[in-house]
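Okay, so here's the structure we're looking at.
Each chain gets a letter, A, B and so on, in the order the sequences are listed, and its residues count up from 1.
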Amino acid sequence: MARYWLFKSEPDVFSIQDLQNSRGKRTSWEGIRNYQARNFLRDDAQVGDGVLFYHSNADPLAIVGTATIVKAGYPDHFAWQDGHKYFDAASTPDQPVWFMVDIRLTQIFRHPVTRSSLLLEPDCRDMLLLKKGSRLSIQPVTESEWQAVHRLAN
DNA sequence: GCCAACGTTGGC
DNA sequence: GCCAACGTTGGC
């Protein structure tokens, strides 16, 4: 049973266009350094799960497309590369603290689903994304939210 | 650029 | 275990 997720990314750092330009339209999703998000990646994300790709700190703020999990949670090896921006001495190959997944682009929406349109969509009113102060960068999404976003994108 | 909300750290 | 201080996120 596939699940659905929402991944946030600042387009100045990594945009959905960057994903499209990646080899195989595929990338690893490293650098998640929040325990709740880590748990989702480590324990719950499975190959085949759908991902809503959200541009945060952007103009416009929007879900700009979708991706698919193509590799389930595995240790974030960037955490044990000394000097790397994602280095964390607490994480080791024997006892990894942080995890990542791989995703592949599914589609770039012709009509991005803006935050303001999500705020008007009844089926999306419970989305964590829309809660004030919500900073979780990996969020579970319900099937009805997933479908509502696709309706809005068409 | 501002600042509220949040998660983490560390002194006690 | 508490909580103030701090750094970061992210909408506005």
> If you look only at pairs with a residue in residues 13-22 of chain A, which of them pass as a salt bridge (Lys or Arg N to Asp or Glu O under 4.0 Å), with sequence neighbours excluded?
Replying inline: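 Residue pairs passing salt bridge (Lys or Arg N to Asp or Glu O under 4.0 Å), neighbours aside: none found.
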
> Tell me the salt bridge (Lys or Arg N to Asp or Glu O under 4.0 Å) pairs involving residues 114-131 of chain A, sequence neighbours left out?
Replying inline: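 Listed once each, the pairs are A:Glu121-A:Arg151, A:Asp123-A:Arg151.
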
>> Please tell me if A:Arg115 has a side-chain N or O lying less than 4.0 Å from either OP1 or OP2 of C:dC12.
In response: yes

> Is there a side-chain polar atom (N or O) of A:Tyr54 under 4.0 Å from OP1 or OP2 of C:dT9?
Replying inline: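 So the side chain of A:Tyr54 is outside the cut-off, no N or O lying under 4.0 Å from OP1 or OP2 of C:dT9.
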
Interatomic distance, [X] [atom1] vs [N] [atom2] [rounded to whole Å]:
X        : N      : atom1 : atom2 : value
A:Gln36  : B:dG7  : CD    : P     : 7 Å
A:Glu10  : C:dG10 : CD    : C1'   : 7 Å
A:Arg38  : B:dG7  : CZ    : P     : 15 Å
A:Lys131 : C:dC12 : NZ    : C1'   : 19 Å
A:Asn34  : C:dT9  : CG    : P     : 10 Å
A:Lys85  : C:dT8  : NZ    : P     : 13 Å
A:Lys8   : C:dT9  : NZ    : C1'   : 7 Å
A:Ile63  : C:dG11 : CD1   : P     : 12 Å

> With sequence neighbours left out, which residue pairs that include part of residues 83-97 of chain A fulfil the side-chain hydrogen bond (donor to acceptor under 3.5 Å, both in side chains) condition?
Replying inline: A:Asp88-A:Trp98

> Who pairs with A:Arg26 by salt bridge (charged side-chain N to carboxylate O under 4.0 Å, His left out), at least two apart in sequence or on another chain?
Replying inline: A:Asp102

> Considering residues at least two apart in sequence or located in another chain, which fulfil the salt bridge (charged side-chain N to carboxylate O under 4.0 Å, His left out) criterion with A:Arg33?
Replying inline: A:Asp76

> Taking the six-membered ring for Trp, are the ring centroids of A:Trp29 and A:Phe53 within less than 6.0 Å of each other?
Replying inline: yes

Would you tabulate the pairs of protein nitrogen or oxygen atoms and nucleotide nitrogen or oxygen atoms of nucleotides 1-5 of chain B closer than 3.5 angstrom?
{"residue": "B:dA5", "atom": "N3", "partner": "A:Arg135", "partner atom": "NH1", "Å": "3.4"}

